[in-house]
Structure formats: structure tokens, C-alpha cells
Amino acid sequence: MNSLLYIIAVILIIGWAIGVFFTAVGSLIHILLVIAVIAFLLGVIRRPTAV
């Protein structure tokens, strides 16, 4: 599950970068970035720590 969140976060960040540099879609691109950051943070928070 964690790797899936990382994959989604990377795809959304790449989409955001393409949108910012090559098109002018507007606030949708920034919403994608926020979703990617949230997905990444959820992956970090939910990762079990082996001590």
C-alpha cells in the first residue's frame, strides 16, 4: 500500500511539473500538487517502524 502511495505521489508531481512548465491549466495543477504531498505524507506517517 505504501509503494502505491509513492507511485501516485510521483505521478501527480510529474503531472504538476508538466502542467506548470508547458500549459496554463490554472488551479487544477496546484490541486494535483497538494494531493501528491498529502499522499506522500500519508505514506510516511503510515509506514511501520521496525525497532
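Here, residue 1 is the first one in the sequence, and each next residue gets the next number.
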Problem - Side-chain touch V44/Y6, heavy atoms, less than 4.5 angstrom - result: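 With C-beta onward as the side chain, the pair touches.
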
Practice task
To the nearest 0.5 Å, tell me how far I35 CD1 sits from I11 CD1.
Solution key: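 Rounded to the nearest 0.5 Å, the CD1-CD1 separation comes out at 13.0 Å.
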
Practice task
Identify the two heavy atoms, one from I13 and one from A36, that lie closest to each other, and give their separation to 0.1 Å.
Solution key: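 Taking I13 first and A36 second, the nearest heavy atoms are CG1-CB, 3.7 Å.
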
Practice task
Apply side-chain contact (heavy atoms from CB on, under 4.5 Å) to I8 and list each qualifying residue two or more places apart in sequence or on a separate chain.
Solution key: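 With neighbours one apart ignored, the set is L4, L12.
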
Problem - All side-chain contact (heavy atoms from CB on, under 4.5 Å) counterparts of L41, not counting sequence neighbours - result: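 Counting only residues at least two positions away or on another chain, L41 forms a side-chain contact (heavy atoms from CB on, under 4.5 Å) with V37.
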
